[in-house]
Amino acid sequence: MRPFVPSMNSKPSVRGFVCWWRMKRVRFSMADCRFRIADLYDSLFALFASLREFFLLFLPLAKTPRTSRAFDRMNRMDRMILFILLSCLLLLSPSLSAQVIFKDVTADTGITFRHTDGSSGRHYIMETVTAGLALFDYDNDGDIDIYFINGSPLPVASVEVSPRNELYRNDGGWKFSNVTEQAGVGDTGFGLGVAAADYDNDGDADLFMNNYGPDVLYRNNGDGTFTDVTKDAGLGGDKHFAAGAAFLDCDKDGDLDLYVSNYLEFTYDLYGPRYMRGVPVYRDPRQYPAAPDFLYRNNGDGTFTNISEESGIAQHRGWGMGMVCADYDNDGDTDIFVANDESANFLFQNDGAGKFEEVGLIAGIAYDLHGDEHGSMGVDCGDYDNDGWLDFFVTSYQSQLATLYRNLGDGTFQDVTLLTGAGTGTFSKVTWGNTIADFDNDGDRDIFIACGHLQDNIEKYSDSSTYFQQNILLLNDGKGKFLDASNTSGDGLLVKLGSRGAAFDDLDNDGDLDAVIVNSREKPTVLRNDTSNGNHWIQVRLQGVKTNRDGVGARVTVVAGDLTLIDEVHAGRGYQSHYGTRLHFGLGKHDRMDRIEVRWIGGGTDVVENLNANQTVTIREGEGLVPK
Amino acid sequence: MMRENRNNKESFPDKPPDSQGGGRLTRIVRPLVLVLSLGCIAAAVFLYIRRADKGSEPLADKKADDKFVERELQIEESAKAYNGRAVEVAKRLVKEFPARAEPMLLLGQVNYEQQNYNEAVRVWQQGLKIDSSQPAAYQAMGSMALEEGDYETAIAHWRKALEVEPEWPGARLAIGLALMHSQRIQEAVTEFQGELKTSPDPAQAHFLLGQAYLQLEDFEKAREHYEAAVQEAPRFSSAYYGLSRVLTRLGQTDAAKEALTKFQELKAGEQKAKREGEEAYDDMIAQRGALSRTYDRAGMIFWQYRNAARATDHFRVAARLDPKNALSRLHLANLYERQGDLEGAARMYEEIALAYPQDVRPYLSIGSMYARAARIVQAEKAFQRANQIDPQHPVAYYELARLYMLAGTKLDVAEALAEKLVELAPIAGNYDLLGWIYHLNGKSAQAEAAASKAVELQPDNQIYRNHYETIRAKHEQ
């Protein structure tokens, strides 16, 4: 947020000119816009990239004998003027479309976490599907902290320091402190998924980790520390290969139940490595038996009971990956979507009492438009077309488009990927963490996709792809189309790594959504949203009283003039990750809201009216707005 | 330490070092060492169990790990050798025929199969400079561009293929698909309709038209095309899926459920086959197979350039490399047959039969070769085997009956076979054969009736007419 101050003594140069020109342009065009160095760098980057492409593309075409002679006759000053003119033209075009700017601030955050997949060259399948992360406020201080999930050494792998999960406290100013030790959350199991929610309704967020091996439940003690209560809670006994996890109140009894999606049944002796043109690769998941998922009912006394059988979940076996729980049919209860790898996705429809029917095929969300199963990885939901129904976005494998399913409002979905361009840029990549969220606060939801190939050896046997891949940002144009802004949205989007889980929240409480991405075998990427377009926003934190304390499953509707937005509180989403407990809405040019309505899961409705934009509000069940 | 010992020695010169003070020290140290050792062992065991438990498996020992590494490297080396040899074969061909496009296209193909896409494109473009009328190269480059998500380039390549060969199969479908990926659905419809006019197999075009109309929300048209697709290809699972979606949108719930049930049934079969294919995949066999195919294609190029000897060499290597390569054996059989080596040709078909024991065709070819080489017993065996594999296959009946007839043996069996033959395939040629066998068996009336039927079915065929005349003349006598 530092203002740009040009030096009066600086020598005239092209760069100086561009700085001056850009600053003038911004001042004239956007009175309320604060100019930032980051913005300038990004514009410069876009400028030079565009210039290079322009010259490469057009100069050979324009190089007729006549133009060559004309060019030769130019003196140095003429050429400089031509260059500046072209620069101005080219600068204008990318910067006009670059509405969102993500700055890679990882190096300055103090985060030293490095992901390990426990690999030893044997290509055990769990190596390549780890891991997610959680963005949540563990110490209730109003800012979002980060919990990274880690793998651990698999047979034959040796490590100097045993890897563990790590918790970073947000100290403000984009500085984070590693508080794993103090908090007591350094699980050293082979981690995959995570969900955070107040399962014991005591006012602080607890943590559940899905592992290859026993799972872990950490209860938040409310003083910055956690206690491992896995055994007391009756969890962790099921030795399995889990992936996504989510808390939901499936029976509307006021406490949070837990859904665990299981990937497959793995044993070391049965499955050796597999080869592709002589190169060892990870096996297709279908070569392992699929595993049924688990649903645990919260007994309300700190313990859970496995109700997979009686709830109708256990009858269905799939290769479960990411998942999200949401009320897709607007009937007031929470349904469950599970993204299955290389097989039909599951959509479990809740009958309102915690019994589920799998309706994915009938609903048109099990397969893509062509009736093909995808290597589904992560899933998020959001109302991309603002029609009041939650749509689903599912990431997938290379040569498959990440798929957007539009909720038709009659219990069915339409694959609108080709119509909307929501799969742009994904066909040649493997896509993982994702979200449908409003990054430019313009009142419609955009799409962020974390990418990275699954096969670490891909370059050894194919030049069709690379292990490290650029993430994708697709901006919603508000008319039902998504435009690829990955190359024009700052250096943060140019990072190429093997991304997996991704999570999104407002880490600096400035009203826009930032991103944290887990990268396989690498440091994470922390992206600061530096977008500055004068759009307004509101963030809503819920506090359940009769219903669960975090408001998980509650439906929030924001009305501002002609704009009506909906969202729900989820605890576990995307690719094995957790984020967005505090709901974020972009309001575009609306600086006030007419009303915010909260429909609590299994409870009543609260309405708050006439609110100013650009603030974070807390709404308590039965009371409405909580004074600051 | 040394000095201390010396001092001790000096203080107690006549006593062994461990008998008094040293002994006391040892008495204290020994248990300590023992406790420490036990502690270490316990810690080691604990850590071992913990690690093993964490990984759910005991750790492999060093020796096993070495074996693993060794095997990995061996596999990688062998695969590299196969891949390298394939490139070498193609390059040799390019060197031998520098002015021809086909070897260049083969080299491109080899690189494409090895997923060296950049090199494949470079080589293909060189090949197209020599001969730009190669739609297959444009098609392959289009497919590659599509895989990379570069739809515009893909479309441009496929359009080139169409320029060269206006009815190049699948090109319009591919263009339409790329247009759909680029959100240009209406343009895609035009391409699919174009394909529909020219394609001998319109199911795919109908299906994609259904997809496009579904996107455009023209549900009636979408339904029409999906229905046409399933009519053309009754096992087209995706078309049933599309049909179910569009019927749902049209509110025809029962019909939608029916289509969905059919889709599920077909899908289950496809998934099973996919899984089995995945499980059966052996990388080494696949690499050998790829090299074998390269030799075979190189052989074809030599054959095309009228170098039968070199072609034979390449086909033979291809056959040796892959026992399942039927194509190279077919080529060899063809070459041997042309050279009059009928038994050599039969041997090739025998090898194919060995690889595909449930396929009737190689047995029919074996029989045919042996019959021509006048080795009746072997021919009879081959035709009988074909008949066993598929008792409803008319050609096996025809060949066996004809064999007996020509050899003049087992004419009663030949008669029964020919009767079954016309039952299975009541065509002129089969009636003619039956008539002649009746004739040889002295059944004049039946012979005349059968021969008459042959003439009736194909009145313009002079041979059948002659046979009929002969039989009738005999009958009249």
Side-chain angles (χ1 to χ4, degrees), chain A residues 118 120-122 152-157 188-190 212-213 239 266-269 272-280 283-284 286-287 343-344 361-362 364 367 369-373 398-399 401 408 412 414-416 418-421 423-429 460-465 481, chain B residues 51-60 65 68-69 72 75-80 82-83 114-119 144 146-150 180-183 185 207 211 214-215 237-242 244-245 248-249 257 260 263-264 267 271 274-275 278-279 281-284 286-287 290:
Chain A
S120 62
R122 294 206 159 186
S152 67
L154 296 167
V156 193
T188 54
F190 194 98
Y212 167 63
K239 204 169 183 184
F266 181 87
T267 55
Y268 287 102
D269 11 307
R274 171 150 192 197
Y275 301 88
M276 188 59 75
R277 276 187 285 290
V279 178
R283 280 179 174 265
D284 187 298
R286 282 173 300 196
Q287 290 174 23
S343 58
L361 184 64
I362 294 163
Y367 298 97
L369 171 73
H370 305 303
D372 291 333
E373 63 276 20
Q398 188 185 358
S399 301
L401 289 172
L408 299 176
T412 69
Q414 183 191 359
D415 176 350
V416 290
L418 297 178
L419 270 182
T420 57
T424 306
T426 61
F427 196 68
S428 57
K429 295 179 177 179
K460 278 193 180 173
Y461 64 87
S462 172
D463 67 4
S464 69
S465 196
K481 301 275 183 203
Chain B
R51 265 185 93 180
D53 182 48
K54 194 167 189 189
S56 307
E57 282 294 307
L59 297 183
D65 200 32
F68 169 79
V69 173
E72 291 263 308
I75 290 168
E76 193 162 350
E77 286 308 310
S78 325
K80 265 188 190 167
Y82 287 137
N83 290 344
Q114 293 180 12
Q115 294 193 24
N116 299 322
Y117 290 159
N118 295 327
E119 181 62 9
M144 270 165 25
L146 182 71
E147 263 180 61
E148 285 161 13
D150 184 354
M180 278 180 80
H181 277 229
S182 314
Q183 302 161 56
I185 316 279
F207 167 67
Q211 299 287 76
L214 181 64
Q215 298 285 298
S237 64
S238 297
Y240 281 104
Y241 184 75
S244 80
R245 299 308 326 146
T248 305
R249 298 296 291 271
K257 271 186 189 160
L260 209 54
F263 164 75
Q264 275 179 295
K267 192 78 186 170
Q271 281 171 335
K274 223 174 181 178
R275 238 187 340 265
E278 279 283 339
E279 274 162 21
Y281 179 83
D282 183 314
D283 191 49
M284 272 304 111
Q287 298 321 308

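Below, all heavy atoms of this structure are taken into account, side chains as well, without hydrogens, waters or symmetry copies.
Taking all atoms of both residues into account, the shortest heavy-atom contact from B:Y241 to A:G364 is OH-CA, 3.7 Å. In this structure, A:I362 and B:R245 approach most closely via the heavy-atom pair O-NH1, 3.3 Å. Considering all non-hydrogen atoms of both residues, A:F427 and B:L146 come closest at CD2-O, 3.2 Å. Closest approach of B:G149 to A:S428, counting heavy atoms only: N-CB, 4.5 Å. Scanning both residues, B:L214 and A:Q414, for their nearest heavy atoms gives O-NE2, 4.0 Å. Between B:I185 and A:L419, the shortest heavy-atom contact is CG1-CD2, 4.3 Å.
For chain A, no part of B:S244 is nearby; none of its heavy atoms comes within less than 4.5 Å. Using a 4.5 Å cut-off between heavy atoms, A:F266 makes no contact with chain B at all. Using a 4.5 Å cut-off between heavy atoms, A:K429 makes no contact with chain B at all. With a 4.5 Å cut-off on non-hydrogen atoms, B:Q215 touches chain A through its backbone and its side chain both. Only the side chain of B:F207 comes within contact range of chain A, with at least one heavy atom under 4.5 Å from a heavy atom of that chain. Both the backbone and the side chain of B:N118 come within contact range of chain A, each with at least one heavy atom under 4.5 Å from a heavy atom of that chain. Of the atoms belonging to B:F263, it is side-chain heavy atoms, and not backbone ones, that fall under 4.5 Å from chain A. Using a 4.5 Å cut-off between heavy atoms, A:R274 contacts chain B through its side chain alone, with no backbone atom that close.
Heavy-atom pairs under 4.5 Å with chain A were tallied for B:M144, B:E119, B:E148, B:K274; the largest tally goes to B:K274. No other option in B:E278, B:E147, B:K257 has as many heavy-atom pairs under 4.5 Å with chain A as B:E278.
Put simply, the side chain of B:Q183 reaches to within 4.5 Å of the side chain of A:T424, judged on heavy atoms. A 4.5 Å side-chain heavy-atom check between B:K80 and A:V279 finds every atom pair outside the cut-off. Within the 4.5 Å cutoff, the side chain of B:H181 has heavy atoms near those of the A:L418 side chain. Residues A:R286 and B:Q271 are not in side-chain contact: their nearest non-hydrogen atoms beyond the backbone lie 4.5 Å or more apart. Side-chain atoms of B:M284 and A:Y275, non-hydrogen and from C-beta on, never get closer than 4.5 Å to each other.
Between A:L401 atom CG and B:M180 atom CE the span is 10.5 Å, to the nearest 0.5 Å. Atom CZ of B:R249 and atom CG of A:L408 lie 4.5 Å apart (nearest 0.5 Å).
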Give the intermediate values and the outcome of side chain to side chain contact (heavy atoms under 4.5 Å, CB included) for residues B:K267 and A:D372. CA-CA 9 Å; B:K267 192 78 186 170; A:D372 291 333; 3.9 Å; yes
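Between the side chain of B:S238 and the backbone N or O of A:H370 there is at least one donor-acceptor pair closer than 3.5 Å.
Shown here is A:K481, whose NZ atom has more than 12 heavy atoms of other residues, nucleotides or ligands within 6.0 Å.
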